[in-house]
Number of protein chains: 2
Amino acid sequence: MKTKFSSINLMQELQHKEYEQLCEDFTEKKYQKGRLIYAPGHDDDLVFIMKQGRIRIYLAMEDKEFSLTILGPGDIYATHTRAHVAAIDDVTLLAMPTMRFHRYMVDHPALSRTIISILGELLKQSFSIIDNLVFKDISGRLADFFCHEAEYDGRQTEEGILLSLDMTMEQLAAIIGSSRQTVSTIINGMQRAGVICKVGRGVYRIPNLDLLKNFPSL
Amino acid sequence: MKTKFSSINLMQELQHKEYEQLCEDFTEKKYQKGRLIYAPGHDDDLVFIMKQGRIRIYLAMEDKEFSLTILGPGDIYATHTRAHVAAIDDVTLLAMPTMRFHRYMVDHPALSRTIISILGELLKQSFSIIDNLVFKDISGRLADFFCHEAEYDGRQTEEGILLSLDMTMEQLAAIIGSSRQTVSTIINGMQRAGVICKVGRGVYRIPNLDLLKNFPSL
DNA sequence: AGTACGCTGTCAGCCATCTGACAATTCTTT
DNA sequence: AAAGAATTGTCAGATGGCTGACAGCGTACT
């Protein structure tokens with residue numbers, strides 16, 4: 001249950017001069033914090049690259065939501081499938097109609113390979129999510145999530161890894177597929193067990209990753 | 001929760017003459033019913049096309065398994081990720097090392113597009129699986145599964161759609177992520193409700209798809 | 001500095017589903 | 001046709017996690 005859909009940086013790819021023209025075709029768009037960017041059924045399919053802020057890709061049904069991933073600057077996404085997209089913070093992104101991108105791809109085989117890599121990565125992540133949903137209980141998924149975040153986003157300090165998640169219990173619950181209450185209870189349990197330490201709102205310190213990895217250890 | 005990972009027929013693509021050479025590079029392999037074809041950790045990564053029989057792509061953890069999909073003749077798959085692959089029936093497939101396939105793809109951009117379509121399709125399916133796991137209960141997933149199978153694989157008769165699933169309760173359970181016992185109980189419930197009708201082992205008749213679609217309707 | 005709002009912690013009750021057990025049925029093999 | 005194996009039906013008990021409720025905190029506004 002990683003958060004990043006793709007570690008491949010399309011930006012880099014696009015900086016090559018042969019893509020100059022492509023870059024010009026992107027339009028800059030801004031969305032305010034909390035705004036819905038795309039909902040299934042919209043017919044304006046877009047390919048876009050994150051420039052600033054975070055967005056959430058999620059599935060929704062009635063009043064329940066499940067976050068597939070959180071994307072940040074440098075990440076790329078294509079509206080598609082049944083997933084919704086919403087801005088977590090104020091967001092800036094570079095967008096282009098999917099159709100145009102497709103046409104462009106035909107003439108630029110190298111781009112295809114990048115896309116294939118990204119899709120492959122996405123697929124691996126999806127499998128990872130499924131794996132967690134099927135085999136792990138809520139404690140396990142939470143621990144797993146913290147570990148991945150720590151590895152990807154944590155800052156090493158003398159007292160362990162410092163993690164600025166900047167998320168409410170409710171958002172966390174939506175990621176691992178649980179309820180606010182349960183997540184709250186388990187996190188406190190982790191704290192009592194000493195595997196995690198709340199430093200502030202959405203900020204945690206992990207003294208020992210291995211301990212967290214096999215929580216609950218008994 | 002569809003069963004087919006891909007409706008795109010690579011076979012067709014490969015029949016074009018420019019792929020003659022590629023086709024020759026595939027090796028025919030046979031596996032007996034029940035045999036494990038690939039487990040994560042094997043380092044012989046393969047791309048392969050199903051020729052005969054069915055295989056199961058699944059995640060496994062300790063003694064629990066979850067089937068991601070069942071593939072049949074014409075379907076393509078690449079060993080990858082954490083998924084296991086096993087033969088359900090006696091199986092024949094055409095295989096090629098992933099590396100060679102990659103090299104080939106560089107020189108044949110048209111092939112890339114096919115691969116992108118397939119990956120996109122796979123991704124959509126994965127989202128669909130996640131959707132089911134997160135939002136639906138076992139009854140819902142079962143009903144959903146039957147509906148998809150009926151639409152894809154069923155034969156229309158005067159008394160409804162006839163479905164030869166050729167699967168045990170246990171295999172069914174592994175697909176929807178449940179237990180043998182629960183599936184058995186629910187299917188009997190469906191039968192009592194009249195939305196489904198067991199004709200024989202693994203063979204069902206669905207008098208009315210809509211009825212099944214919103215089971216349990218009350 | 002006070003009020004309002006959103007976030008958090010905790011508890012009790014509930015329910016879907018899993019597990020294990022065992023019997024009944026159906027297929028396979030000899 | 002009989003023995004053995006695999007598959008199915010069903011039940012009782014255990015349980016993880018959900019829901020709703022409510023109180024305590026923080027934060028932000030004005």
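Each chain gets a letter, A, B and so on, in the order the sequences are listed, and its residues count up from 1.
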In whole angstroms, how far is the P atom of C:dT10 from the CZ atom of A:R180? 11 Å

Any side-chain N or O of A:K198 below 4.0 angstrom from OP1/OP2 of D:dC25? no

B:R56 to B:Y58 six-membered ring, cation-pi geometry met (6.0 Å, 45°): yes

In whole Å, I'd like the distance from the CD atom of B:E170 to the P atom of C:dC18. 13 Å

Atom pair distance, as rounded to whole Å: CD in B:Q171 and P in D:dT8: 9 Å

Apply the test side-chain contact (heavy atoms from CB on, under 4.5 Å) to residues B:F101 and B:D25: give CA-CA distance (whole Å), side-chain angles for both, the deciding distance (0.1 Å), then the verdict. CA-CA 9 Å; B:F101 193 79; B:D25 282 356; over 6 Å; no

Exercise answer: donor-acceptor pairs, residues 158-165 of chain B side-chain atoms, under 3.5 Å, sequence neighbours excluded:
none

Rounded to the nearest Å, what distance is computed from the NZ atom of residue B:K33 to the P atom of nucleotide C:dT28? 8 Å

Grab the two heavy atoms, one from B:I206 and one from B:F146, that are nearest each other, plus how far apart they are. CD1-O, 4.3 Å

Taking only the side-chain nitrogens and oxygens of A:N188, find out if one of them lies under 4.0 Å from OP1 or OP2 of C:dT8. no

Could you tell me whether B:T168 contacts a base, only the sugar-phosphate backbone, or nothing, with contacts defined as non-hydrogen atoms closer than 4.0 Å? sugar-phosphate

Where do N or O atoms of nucleotides 14-20 of chain D meet protein N or O atoms at under 3.5 Å, pair by pair?
from	atom 1	to	atom 2	distance (Å)
D:dG17	OP1	A:I138	N	3.0
D:dC18	OP2	A:S178	OG	3.2
D:dC18	OP2	A:S179	OG	3.3
D:dC18	OP2	A:T182	OG1	2.7
D:dG20	N7	A:Q181	NE2	3.1
D:dG20	O6	A:Q181	NE2	3.4

Output the rounded distance in Å from CZ (A:R201) to P (C:dG6). 12 Å

When you check the phosphate oxygens OP1 and OP2 of D:dT10, does a side-chain N or O of B:R192 lie under 4.0 Å from one of them? yes

B:I88 CD1 to B:D90 CG distance, which is reported to the nearest 0.5 Å: 12.0 Å

Reported CD1-to-CG distance for the pair A:I55 and A:L36, which is rounded to 0.5 angstrom: 11.0 Å

Give a yes/no on whether any side-chain N or O of B:S184 is located under 4.0 angstrom from OP1 or OP2 of D:dG9. yes

